[in-house]
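This is a predicted model, so every value here is computed, not measured. One is the number of the first residue; the rest follow in order along the sequence.
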Amino acid sequence: MKHQNVIGIVDFGGQYAHLIASRIRRLGAYSEIIGNDEPIETYSKLSGIILSGGPESVYEPDSPSLPVEVLKLGIPVLGICYGHQLMMKLLGGEVKKAGIAEYGRAALDFIDTPKTELLKGFAGGEVVWMSHGDEVTRLPSGFTRTASSQDCEYAVVENPTQKWFGIQLHPEVTHTEKGSVLLENFVKISGAEGTWNLKQFLDLKEEELHSIVPADKKIFLLVSGGVDSTVSYLLLSRALGKDRVKGVLIDTGFMRKDEVASLQEKLSPQGIQLHVHDSSELFYSALKGKKDPEEKRKIVGNLFLQAQADCAKSLGLNADEWLLGQGTIYPDTIESGGTKHSHTIKTHHNRVEAIQKLMEEGKVVEPIKDLYKDEVRELGNYLGLPKEWTGRHPFPGPGLVVRMIAQEKPTEESVQKKLDELVGTESSLQAKLLPVASVGVKGDQRSYAHCAAISGDKTWDELDKISTAITNQISSVNRVVLYLGSPESFSKANFKFQPIDLDKKDSDILREADAAVEKVLQKRKIYDQIWQMPVVLLPLGSESGKRSIVLRPVDSQEAMTASFFRLEKDVLEELVSEVLKIPQIEYLFFDLTNKPPGTIEWE
């Protein structure tokens with residue numbers, strides 16, 4: 001399909017690079033991801049250019065760049081985060097490490113009401129999303145500042161004559177108020193309106209599947225029962241025919257309570273007949289004694305391939321006739337370091353080395369790998385899935401194993417001291433460093449850092465500010481949780497590390513807690529209001545065998561950014577009451593961390 005008006009997103013490896021393209025498409029404009037080393041002719045054919053964020057620092061010797069000639073083609077250019085800093089540097093400005101890094105919410109501050117085309121519709125005070133440790137300290141000639149934030153002087157700058165725009169904020173994420181307005185303004189500046197819709201995507205995807213799947217091949221699709229794999233099944237069946245697609249659910253032993261039987265019952269009306277292959281003993285034995293998050297994810301990914309081969313053999317299938325199908329979506333790829341300049345945040349089970357090798361050999365088919373969760377849900381509705389199904393909370397492919405924290409991270413006195421100094425300015429607030437860590441993302445890079453627990457009677461907004469301040473100002477902390485108990489019990493609590501085994505016994509404890517939480521959400525009729533609610537098992541307790549639980553409700557749309565969901569007090573009290581009925585659970589926490597700097601899942 002040919003498009004006369006294309007907006008090109010130059011990918012510098014940022015977590016949100018592809019999300020920019022997704023947002024532009026959803027605004028009705030055609031967009032394509034392109035590299036930073038294309039021939040100049042490629043850029044010259046575009047209507048507009050967006051420079052993405054990235055994990056590097058523009059002042060480092062080998063950081064990715066772009067020929068300055070690209071900026072001088074007379075095409076509107078929007079630089080976002082790293083792209084903003086790179087444009088300033090290439091045009092003669094200056095970029096340095098920020099005095100105070102910004103992760104999460106910030107507010108735009110205007111000296112005067114801007115008359116810029118880019119910020120048309122803005123009035124000042126809008127909440128925006130930041131994720132940066134560097135900042136522009138001097139503008140190139142011809143640029144003016146149009147907006148700042150508390151910790152970033154040059155949050156929005158422009159050279160209106162050249163139609164060059166630089167923004168430190170991320171307009172592509174849903175947590176930036178009027179982010180879509182800003183991007184739509186840029187689409188209009190570029191003249192690329194009305195060149196994209198979902199039907200065009202489906203037509204292109206079906207055409208692509210016919211070209212990449214040989215007529216003598218069938219698809220062996222791993223179906224987890226989640227939205228992604230279900231939509232993948234329907235899309236593949238629509239494009240290739242149902243007789244060429246076989247759905248198989250691998251029971252890893254880390255599924256949710258009664259999940260397997262429930263999935264078979266609920267998927268049947270959608271025309272999806274699942275074959276279930278029990279591989280729980282295989283997974284339990286291979287994960288015994290494993291603690292490191294990355295090692296766990298890689299083991300799970302390789303075990304899925306082994307289980308798939310065992311299943312195919314048991315069904316008498318000829319391996320030469322089948323390709324592996326996966327419901328991979330774009331966050332899996334970007335967080336696994338799957339684009340040229342991106343860093344690995346966490347290796348998803350569908351991106352382990354063995355699967356990458358199969359992909360290189362053309363033996364893997366991923367029909368929705370370019371989409372985000374919100375797009376997958378919309379596509380599912382378009383393909384006939386009921387909204388009850390497309391609205392299900394996401395569930396990780398590896399299952400509960402990535403919600404069972406097994407690795408100890410001893411606390412550090414220096415970090416605890418910084419924590420005490422920071423929260424000491426808040427009355428009636430206490431803080432403790434926990435002997436566990438979690439995976440996070442700061443400035444598009446992976447972090448594996450401490451978790452801090454706080455206790456105190458504060459509003460959700462106050463807790464949000466406190467959590468953000470801690471993770472912004474203490475680099476070795478990337479997650480903050482609220483202790484769900486009295487301040488008196490917090491000061492006396494003994495959060496000792498108690499080893500977790502990745503086995504049926506511990507997964508059963510988490511299964512019960514997870515089921516108790518979902519029961520309350522459904523009863524209170526708030527399940528549909530929450531985007532996802534991981535329930536995490538922590539190896540913390542005052543004595544051997546005791547465990548802790550973290551409640552992690554989040555508000556998101558595409559999984560690349562998220563904020564914690566503010567539960568009503570009475571709902572939270574009921575959740576505490578129900579979860580603490582499980583004998584092994586001693587302490588309960590509520591995750592106050594946004595993404596960034598924390599990921600939605602803990603591992």
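- Of the possible donor and acceptor atoms, one in the side chain of N594 sits under 3.5 Å from a partner among the backbone N and O of F564.
- S149 places no side-chain N or O within donor-acceptor distance of the main-chain N or O of A107, the cut-off being under 3.5 Å.
- Using a 4.5 Å heavy-atom threshold, the side chains of V364 and L323 count as separate.
- Shown here are the ring pair (Phe, Tyr, Trp, His ring centres under 6.0 Å) partners of Y59, two or more places apart in sequence or in another chain: there are none.
- Under a 3.5 Å cut-off, the side chain of R25 and the backbone N or O of F201 do not form any donor-acceptor pair.
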**Asked** Hey, mind stepping through R566 and D464 against salt bridge (Lys or Arg N to Asp or Glu O under 4.0 Å) and telling me if it holds?
**Response** CA-CA 10 Å; R566 290 151 164 76; D464 191 1; 3.0 Å; yes
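- Side-chain atoms of W164 and L91, non-hydrogen and from C-beta on, do get closer than 4.5 Å to each other.
- Between the side chains of Q150 and E102, no donor-acceptor pair of N or O atoms lies under 3.5 Å.
- Taking the six-membered ring where tryptophan is involved, the planes of W322 and F220 are perpendicular, since the angle between them exceeds 60° and thus also 30°.
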**Request:** Quick one: do H175 and W129 satisfy ring pair (Phe, Tyr, Trp, His ring centres under 6.0 Å)? Show the steps, please.
**Result:** CA-CA 6 Å; H175 289 81; W129 207 255; 4.7 Å; yes
**Request:** Could you walk me through whether E206 and R238 pass the salt bridge (Lys or Arg N to Asp or Glu O under 4.0 Å) test, one step at a time?
**Result:** CA-CA 8 Å; E206 289 190 27; R238 173 183 168 125; 2.4 Å; yes
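- Ring geometry for F12 versus Y82: interplanar angle of 30 to 60°, hence tilted.
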**Request:** Begin with the C-alpha distance, continue with both residues' side-chain angles, and end with the deciding distance and a verdict on ring pair (Phe, Tyr, Trp, His ring centres under 6.0 Å) for Y154 and H84.
**Result:** CA-CA 10 Å; Y154 299 116; H84 158 55; 8.1 Å; no
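- In this structure the side chain of L236 reaches within 4.5 angstrom of the side chain of L221, judged on heavy atoms.
- Residues V439 and N478 are not in side-chain contact: their nearest non-hydrogen atoms beyond the backbone lie 4.5 Å or more apart.
- The list of salt bridge (charged side-chain N to carboxylate O under 4.0 Å, His left out) pairs with a residue in residues 64-93, not counting sequence neighbours, is empty.
- Contact of the K163 side chain with the E158 side chain is not registered, since no non-hydrogen atoms from C-beta on lie closer than 4.5 Å.
- The environment of NZ in K188 is sparse: at most 12 heavy-atom neighbours from other residues, nucleotides or ligands sit within 6.0 Å.
- For the pair S63 (side chain) and E56 (backbone), a donor-acceptor distance under 3.5 Å is absent.
- Residue pairs meeting the salt bridge (charged side-chain N to carboxylate O under 4.0 Å, His left out) criterion with at least one partner in residues 125-148, sequence neighbours excluded, are E126-K178, R145-E153.
- Around CD of E388, the count of heavy atoms belonging to other residues, nucleotides or ligands within 6.0 Å does not exceed 12.
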